[in-house]
Amino acid sequence: MEKLFTKKSFLILVVGIICMFLVACGNSDSPSTNDSEEPATDETAGNGEEEAASEEGGDEKLVIGFSQVGAESEWRTANTKSIQNAITDAGHELKFSDAQQKQENQIKAIRSFITQKVDAIVFSPVVETGFETVLQEAKDAGIPIFLADRAVDVEDDSLWATFLGSDFVEEGRKAGNWLVEEMKDVEGPVNIVELQGTVGSAPANDRKEGFEEVVSADDKFKIIKSQTGDFTRAKGKEVMEAFLKSEGDNIDVLYAHNDDMAIGAIQAIEEYGLKPGEDIIIIGVDAVKGAFEAMADGKMNVTIECNPLFGPQLVDLIEAHFAGETLDKRIAVEESMYTMDQAEELLPTRQY
Ligand code: AHR
């Protein structure tokens, strides 16, 4: 009897030990449901690459806030779609905010993304300056910023993970070089009017700089008027009307910082009674479908490409960051230039 009792106790003890062992294994091997499903928190989504690396190697579902400039141009519409689709197609959650070209709206949107504890913020700044404080707030909250399309003029480059966008200065140079070549046999003066983009924005500042750098090398080129058209067709038309009113037939060339303003200006030129593309050379930037249509109609001479379709590349970079890769601070989008004689052939293949 005593022997039987000892055997029984021994069995109970062994079963008990096995159970305790299994429970212990279960706890250490599998994280709680909350741990695995929760988006990266402040501890895992910092700007430091090691902090940002996910345990699964970067294939987790992220919550991404996207603060877009606005809907001012054909280019912007294509860019918004490309980024939105790339984020959702990759299985991430998107929180979108349209700033309607207002800096204060962007600052509010970024603060709201921080409060919502998103994992990453995609940010296309309407202007270059004045974002230090809010970028610092995102950094303090451990949320990496991915600058898309436009840069910020901020000293501390630890405030963003990377900047993916076009080289706007180079676009301005391309426009200038095309004009210099086109006008090489013309004695001059060559009177240019310039429609600038949004005041203080990177593409307006840089496209002006690049173009001026090239044309200022020959003093036959004169920029006789330069004013903002805010990157919109309506403003482009309105400002061109004013240019025509004060300068009339004196204008040889229009350099517009985007195609939408050029298209608006083309309308103004026609209404004034001149032939765009002939009486006035028209140079635009973006290479949107509308520019190809205008070129095919002989109303516009050249457009410098600014490619908005970088959504998939941007999402790859965000995922690479969360997988622990160190990203270059500046990644340029590759671009080309298209002239009137190529327009008809290329128009059907244009995606934006
Ligand atoms: O930042 C890119 C510029 O913004 C595009 O060239 C212009 O069309 C847009 O509004």
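As the structure lists them, so they are numbered: ligands from 1, and atoms in each ligand from 1.
Screening R76, K235, R233 for a salt bridge (charged side-chain N to carboxylate O under 4.0 Å, His left out) involving D260 leaves a single residue, R233.
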Residues 242-251 side chain polar contacts: donor-acceptor under 3.5 Å, at least two apart:
{"residue": "S246", "atom": "OG", "partner": "A242", "partner atom": "O", "Å": "3.4"}
{"residue": "S246", "atom": "OG", "partner": "F243", "partner atom": "O", "Å": "3.4"}
{"residue": "E247", "atom": "OE1", "partner": "N250", "partner atom": "ND2", "Å": "3.4"}
{"residue": "N250", "atom": "OD1", "partner": "N191", "partner atom": "ND2", "Å": "3.1"}

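Taking E170 as the reference, R173 meet the salt bridge (Lys or Arg N to Asp or Glu O under 4.0 Å) condition, with sequence neighbours excluded.
Ordered by chain and residue number, the residues placing a heavy atom less than 4.0 Å from ligand 1 are E72, S73, W75, R76, D149, R150, F168, P203, R207, F231, N258, D286.
Look at E187 and K220 and you find no salt bridge, because none of the NZ, NE, NH1 or NH2 atoms lies under 4.0 Å from a carboxylate O. Ionic pairing of E171 and K174 is not present here: no N-O contact between side-chain nitrogen and carboxylate oxygen is shorter than 4.0 angstrom.
Sequence neighbours left out, the pairs with a member in residues 294-307 that pass salt bridge (Lys or Arg N to Asp or Glu O under 4.0 Å) are E270-K299, E305-R350.
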